[in-house]
Amino acid sequence: MSFFSSFSPEEIAKISSAGTRVTLPEGWAPISERTGADKAYIILSGTVSVRQHGKEIAQLGPGDIVGEAAILNHSLRTASIVALSPLELIHFTPDQLQRLAVEMPSFGEALENLAKERFAGGSDS
């Protein structure tokens with residue numbers, strides 16, 4: 001079940017318009033382990049590998065969000081994200097994520113629940 005699956009089409013449109021659409025090539029690593037939490041992404045198309053210490057622990061795809069746990073937990077990244085295919089993403093700064101969480105409480109709640117789940121599991125995908 002993707003992060004987006006709990007939202008209506010209208011809510012997805014609002015979330016999408018709050019960030020910046022970006023395209024990344026296969027092999028690119030938009031998030032690196034042990035770096036500062038300065039961005040998060042929602043995957044529109046493509047697949048990413050979530051890696052800890054160079055070992056894949058998960059794969060994520062369309063509708064999934066990556067990078068949010070470290071922002072919400074004010075911590076360094078606990079995993080790297082590597083593009084397994086060309087990606088279309090929505091890029092969010094910490095400020096954009098916070099603003100959206102306030103304007104849209106259902107987004108804020110979903111974000112917090114996911115971040116707690118991932119942080120407890122040690123994966124900041």
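- Remark: D38 CG to I31 CD1 distance equals 8.5 Å, nearest 0.5 Å.
- Grouping the Ile, Leu, Val, Met, Phe, Trp and Tyr side chains by contacts below 4.5 angstrom, directly or via other members, places I12 with I42.
- Applying the side-chain hydrogen bond (donor to acceptor under 3.5 Å, both in side chains) test to E112 and every residue at least two apart in sequence or in another chain returns nothing.
- Taken to the nearest 0.5 Å, the CZ atom of F4 stands 4.0 Å off from the OG atom of S16.
- One finds the CG atom of L72 at 7.5 Å from the NE2 atom of H74 (value rounded to the nearest 0.5 Å).
- Rounding to the nearest 0.5 Å places OG1 of T47 at 8.0 Å from CG of L87.
- For the pair R77 and V66, the minimum side-chain heavy-atom distance is 4.5 Å or more.
- Note: I15 CD1 to L97 CG = 10.0 Å, rounded to the nearest 0.5 Å.
- Atom CH2 of W28 sits about 15.0 Å away from atom CD1 of I81, to the nearest 0.5 Å.
- Annotation for S45 and P62: closest pair CA-CG, 4.0 Å, computed over non-hydrogen atoms.
- Contact check for H53 versus E33: side-chain heavy atoms found under the 4.5 Å cut-off.
- Here the side chains of F3 and L111 are in contact, with some heavy-atom distance below 4.5 Å.
- The aromatic rings of F107 and F92 sit tilted, their planes meeting at an angle between 30° and 60°.
- Between G46 and S85, the closest heavy-atom pair is CA-OG, 3.2 Å.
- Closest non-hydrogen pair, A37 versus P94, comes out as O-CG, 3.8 Å.
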Handout entry: Criterion side chain to side chain contact (heavy atoms under 4.5 Å, CB included) on L114 and E117, from CA distance to verdict
Key = CA-CA 5 Å; L114 184 62; E117 199 177 287; 4.2 Å; yes
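- Here the closest heavy-atom approach between residue I90 and residue G19 is recorded as CG2-CA, 3.7 Å.
- When all heavy atoms of P25 and A83 are compared, the pair lying nearest together is O-CB, 3.6 Å.
- The list of side-chain hydrogen bond (donor to acceptor under 3.5 Å, both in side chains) pairs with a residue in residues 55-64, not counting sequence neighbours, reads S49-E56, E56-Q59.
- For T93, the side-chain hydrogen bond (donor to acceptor under 3.5 Å, both in side chains) test picks out Q96, with sequence neighbours left out.
- Between E88 and R21 there is a salt bridge, since at least one side-chain N of the basic residue sits less than 4.0 Å from a carboxylate O of the acidic one.
- Under the 4.5 Å side-chain heavy-atom criterion for Ile, Leu, Val, Met, Phe, Trp and Tyr, L76 and V82 are members of distinct hydrophobic clusters.
- Nearest heavy atoms, A40 versus G67: CB-C, 3.9 Å.
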